[in-house]
Structure formats: C-alpha cells, structure tokens
Amino acid sequence: MLSGFSMPRKRQIFTSEYPYHLSARCHNKEWFDLPLWQIWAVMSKYLSYASETHKMEIHSFVLMNNHFHLIAQFPENNMAEAMNYFMRETSRVISRKAGRINQTYGGRYFRSAITKNNYLDHVYKYVYRNPVEAGIVESVQDYQFSTLYMKLKSRSSGFPIIEDPRISSTQRHSTLKWLNTAPKASDKEEIRKALKKPEFNLTSRASGMFVHHLEVDRF
C-alpha cells in the first residue's frame, strides 16, 4: 500500500426524512437457540421500548429462523442510538434465556436508507416475501412471525406499527396478489445487493414486479 494512502470510507447515511431497512443475523448464521415465539416476544418488547424511548416508527418487521428484517423511520434522526439499544438488549436477554456464552448476533446490523417511494415498495415486498422464498410458507399471509400477519389477523404485535394503506379494506386483495406474485430471480438478487448499501439504489434493469400500483404519499 502506498504511504499516506487510505481507502475511502463508505458513505454514511443518517436521515430522519426517510425509512431504513435494517437487518441482523445470528452468530455464525446459526438459528436462534429458542423457539421463534419466544424470540418474537423478546424483540417485540424492545421494539415497543425503542418506539417509546427513541420515537422509532415501525413500518414492517419479519422474524426469520436466524435473522430479522425491519423497516423503520427515525424522526429524531437517532437511528444509531435506537438500533444499538435494540441490538444490545435483545442480544442480552436472548443469550441469557438460551444459556448462551457467545453473543446472539454475528455482528452489527445492516442498514440501507430508502429514499424513494417506489424503492420502499421494492423493500416492502422483499421483506414480506422472505418466508415464502425460504420455503417456509406458500403465501405471505400465512407466516405468523410478521407484522403483515398480525395486521391481517387484527392481532397485537406487541409494539406500535404505523398505518399501512396497502392493506386497507379496498387495497388488501390486490396487495396480497402483488406480494404473492414471484419476481424474477435477477430482480431478487439486485434487491438483495442494494440492501447491503448505505443508500438503497437500483439500476434500470430491475423490473416493475416489485412496485405496487397503489399511489400514496408514504413518507
């Protein structure tokens, strides 16, 4: 390496205007050491606390066997503080309940700022289709550890969720049809790669299969 030369740092995006996609995996990509209903109970408790103490606004949350997906907004521009709190406390409690010596998560969470409405549609569909793509369920509405399931069943998730116009009484049928329509493999891969970037961005190659027809001012 040349003397005095350093690699440029990745661009850091911190915003109160737009939502983020946030995700973290278990240590060594192992499964959680507890049944998912117990993991949901722990995470819902601290999502509720984060909502109250850090003013986190939760759009969507999906809990998988070894990771989670969260779409949330931070009006007070305190995403780092809120997520550090959530990660620390859920790791502490889950590790204690499971009798783990090692930490629950394999590292820091991934984050990606979603700066366009149609991008939010892409991420929304990607998140809610995770259990389908993993072969756990056949339809998005059948996966229990998801805010979509909770909303459709009128069940309490244990934490506040912002209003979702996509599943209003007039839009629900079309939304579920849209979510359950499988996208092209190339689109899924592009979304997956885009979610690893500090700011979510797609090329023109991505098709419209991830975009909902519903036109609303979502943020």
E57 and F74: CA distance, side-chain angles, deciding distance, side chain to side chain contact (heavy atoms under 4.5 Å, CB included) verdict: CA-CA 6 Å; E57 296 180 351; F74 303 87; over 6 Å; no
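- Using a 4.0 Å cut-off between charged nitrogen and carboxylate oxygen, K97 and D33 do not count as a salt-bridge pair.
- With contacts defined as side-chain heavy-atom distances shorter than 4.5 Å, the pair K125/T181 qualifies.
- Here the side chains of H69 and V123 are not in contact, with every heavy-atom distance at 4.5 Å or above.
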CA sep, side-chain torsions, deciding dist, call: Y109, M87, side chain to side chain contact (heavy atoms under 4.5 Å, CB included): CA-CA 8 Å; Y109 57 90; M87 294 284 286; 3.9 Å; yes
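- W178 is not listed as a side-chain neighbour of Q171, based on a closest heavy-atom distance of 4.5 Å or more.
- Counting heavy atoms from C-beta outward, F159 and F61 have side chains that approach closer than 4.5 Å.
- When side chains are defined from C-beta on, I71 does not count as touching I58, because their heavy atoms never get closer than 4.5 Å.
- Smallest separation of non-hydrogen atoms from S51 and M56: OG-O, 3.3 Å.
- Under the 3.5 Å distance criterion, with hydrogens and angles disregarded, no donor-acceptor pair is assigned to the side chains of S157 and Y149.
- In this structure, the side chains of R129 and P183 come closer than 4.5 Å at one or more pairs of heavy atoms.
- Looking at E199 and K116, no side-chain N of the basic residue comes within less than 4.0 Å of a carboxylate O on the acidic one, giving no salt bridge.
- The local environment of CD in E189 is crowded, with over 12 non-hydrogen atoms from other residues, nucleotides or ligands closer than 6.0 Å.
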Pair Y143-N130, side chain to side chain contact (heavy atoms under 4.5 Å, CB included): steps then yes or no: CA-CA 10 Å; Y143 189 66; N130 243 242; over 6 Å; no
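- For F110, the CZ atom sits in a loose shell: 12 or fewer heavy atoms of surrounding residues, nucleotides or ligands are nearer than 6.0 Å.
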Residues L47, L70; criterion side chain to side chain contact (heavy atoms under 4.5 Å, CB included); working and verdict: CA-CA 10 Å; L47 285 173; L70 170 66; 4.3 Å; yes
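- Ring geometry for Y105 against F68 counts as perpendicular: the plane angle is over 60°, on a 0 to 90° scale with 30° as the lower cut.
- E138 and N180 form no side-chain donor-acceptor contact under 3.5 Å, judged by distance and modelled atom types alone.
- In the displayed structure, E30 atom CD is contacted under 6.0 Å by more than 12 heavy atoms of other residues, nucleotides or ligands.
- In summary, of the residues considered (Y20, Y124, Y119, Y126), a ring pair (Phe, Tyr, Trp, His ring centres under 6.0 Å) with F200 occurs for Y119 alone.
- There is a side-chain donor-acceptor pair under 3.5 Å between H59 and Q73.
- Nearest heavy atom pair, residue S146 against residue V62, reads OG-CG2, 3.9 Å.
- In this structure a side-chain-to-backbone donor-acceptor pair under 3.5 Å is missing from R192 to L195.
- Using bins of under 30°, 30° to 60° and over 60° for the plane-to-plane angle, the ring pair W40/F145 lands in the tilted bin.
- At least one side-chain heavy atom of R111 sits under 4.5 Å from a side-chain heavy atom of M79.
- The shortest side-chain heavy-atom distance between T104 and F32 falls under the 4.5 Å cut-off.
- The heavy-atom pair separating V132 from V140 by the smallest distance is CG2-N, 3.7 Å.
- Between K193 and E190 no salt bridge is recorded (no basic side-chain N to carboxylate O distance below 4.0 Å).
- Judged purely by distance below 3.5 Å, without hydrogens or angles, the side chains of H122 and D187 never pair a donor atom with an acceptor atom.
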